[in-house]
Enquirer: 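Quick one: structure below, then a few questions.
Because the structure is a prediction, the values reported are computed rather than measured.
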Amino acid sequence: MVTFFTSTLMLSCVGLMLLIGLKRYELTTGRVVGMRVRPPVSRFFQTVSLWVERILPAIVRMYGKLITRAFLRSIYLVSAHALVRVEEWLERLLHALRHTTDVRRGMGEASAFLREVSEHKRKLLRAQGTTSNTRHKE
């Protein structure tokens, strides 16, 4: 890495010295080197700088926005699909719970024991209701 940077620095120094030498030659002799080539080269570099400074960044911004929108849209669709799947799973779970917790009603009449238990529960509830009413009245 150090070799790369050192060689780049040396090449830049040599190039700069050549340009300074060429400019000194033009100033001392009064002759312009590459007079016919300079206008097309100037137009070429103006075009290149226009592309580098204006057109390419605009294209990158435009495609960056398109890619970002597409990415966000795909995240939205994936999350919506996942939520629908979770909702379907919860509905199946709720359906299963409803059918497992249903009270099974027998077709026949309740046994004597169950009738006694329900009558006892009713008496207890009535007794609690009267005692709670007396408490509220006080």
Side-chain angles (χ1 to χ4, degrees):
M1 196 61 131
V2 172
T3 308
F4 171 74
F5 287 126
T6 305
S7 62
T8 305
L9 178 64
M10 297 305 262
L11 186 64
S12 298
C13 288
V14 169
L16 188 59
M17 287 181 356
L18 283 173
L19 283 174
I20 290 173
L22 184 65
K23 191 63 175 176
R24 184 172 181 178
Y25 170 76
E26 286 180 350
L27 290 174
T28 55
T29 61
R31 297 181 69 195
V32 179
V33 178
M35 187 188 302
R36 292 186 193 142
V37 180
R38 283 189 179 184
V41 170
S42 177
R43 282 193 299 273
F44 170 75
F45 282 114
Q46 281 178 344
T47 304
V48 168
S49 68
L50 175 71
W51 272 86
V52 169
E53 292 175 0
R54 306 289 174 143
I55 296 173
L56 289 178
I59 290 172
V60 168
R61 271 192 304 274
M62 182 180 68
Y63 281 111
K65 286 179 184 177
L66 289 174
I67 289 170
T68 303
R69 284 184 194 147
F71 179 70
L72 292 175
R73 190 177 307 120
S74 66
I75 288 176
Y76 171 78
L77 291 174
V78 166
S79 61
H81 185 69
L83 285 174
V84 167
R85 293 291 178 204
V86 167
E87 183 184 12
E88 290 172 354
W89 177 76
L90 287 173
E91 285 178 354
R92 283 194 307 269
L93 181 66
L94 184 61
H95 183 73
L97 285 174
R98 279 183 186 150
H99 287 294
T100 57
T101 57
D102 276 349
V103 177
R104 307 264 184 221
R105 302 273 183 203
M107 297 304 251
E109 199 170 310
S111 67
F113 173 74
L114 289 178
R115 281 192 298 262
E116 286 179 32
V117 168
S118 66
E119 184 62 33
H120 181 68
K121 282 173 83 177
R122 273 190 235 119
K123 286 180 184 176
L124 286 176
L125 289 174
R126 282 188 208 131
Q128 283 180 352
T130 57
T131 58
S132 65
N133 285 341
T134 58
R135 283 186 206 154
H136 290 296
K137 289 179 184 177
E138 294 174 356

Enquirer: Should Met1 and Phe5 be marked as a side chain to side chain contact (heavy atoms under 4.5 Å, CB included) after you check the CA-CA gap, both sets of side-chain angles, and the distance that decides it?
Expert: CA-CA 6 Å; Met1 196 61 131; Phe5 287 126; 3.7 Å; yes
Enquirer: Nearest 0.5 angstrom please: Leu18 CG to Cys13 SG, how far?
Expert: 11.5 Å
Enquirer: Can you tell me how far the CZ atom of Arg73 sits from the CG atom of Leu66, to the nearest 0.5 Å?
Expert: 9.0 Å
Enquirer: Applying a strict under-4.5 Å side-chain criterion to I, L, V, M, F, W and Y, I'd like to know whether Leu22 and Met17 cluster together.
Expert: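 Looking at the clustering, Met17 is in a separate group from Leu22.
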Enquirer: Just wondering, are more than 12 heavy atoms of other shown residues or ligands nearer than 6.0 Å to CE in Met62?
Expert: yes
Enquirer: Could you grab the distance from atom CG of Leu90 to atom CZ of Arg85, nearest 0.5 Å is fine?
Expert: 13.5 Å
Enquirer: Look at the side-chain heavy atoms of Ile, Leu, Val, Met, Phe, Trp and Tyr, link any pair under 4.5 Å apart, and say whether Val86 and Leu93 land in one connected group.
Expert: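 Hydrophobic grouping puts Val86 with Leu93.
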Enquirer: Would you say Leu77 and Val84 are hydrophobically clustered, going by side-chain heavy atoms of ILVMFWY under 4.5 Å?
Expert: no
Enquirer: Kindly work out whether a path of hydrophobic side-chain contacts (I/L/V/M/F/W/Y, heavy atoms less than 4.5 Å apart) joins Val41 to Val48.
Expert: yes
Enquirer: Run the side chain to side chain donor-acceptor pair (under 3.5 Å) test against Glu119 and tell me which residues pass, sequence neighbours left out.
Expert: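 Expected list: Arg122.
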Enquirer: Say whether Val37 and Phe44 are linked into one hydrophobic cluster, either directly or through other cluster members, by side-chain heavy-atom distances under 4.5 angstrom.
Expert: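 Yes, Val37 connects to Phe44 through the hydrophobic network.
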Enquirer: Tell me, do Arg92 and His95 make a side-chain contact under 4.5 Å, heavy atoms counted?
Expert: no
Enquirer: Is any side-chain heavy atom of Thr8 less than 4.5 Å from a side-chain heavy atom of Phe4?
Expert: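 They are in side-chain contact.
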Enquirer: What's the separation between atom CG in Leu50 and atom CG in Leu56, rounded to the nearest 0.5 Å?
Expert: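 It comes to 9.5 Å.
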Enquirer: Sort and list the pairs that fulfil side-chain hydrogen bond (donor to acceptor under 3.5 Å, both in side chains) and have at least one residue in residues 50-66, not counting sequence neighbours.
Expert: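 Sorted pair list comes back empty.
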Enquirer: Please, which pairs that meet side-chain hydrogen bond (donor to acceptor under 3.5 Å, both in side chains) have at least one residue in residues 13-30, sequence neighbours excluded?
Expert: Glu26-Arg38
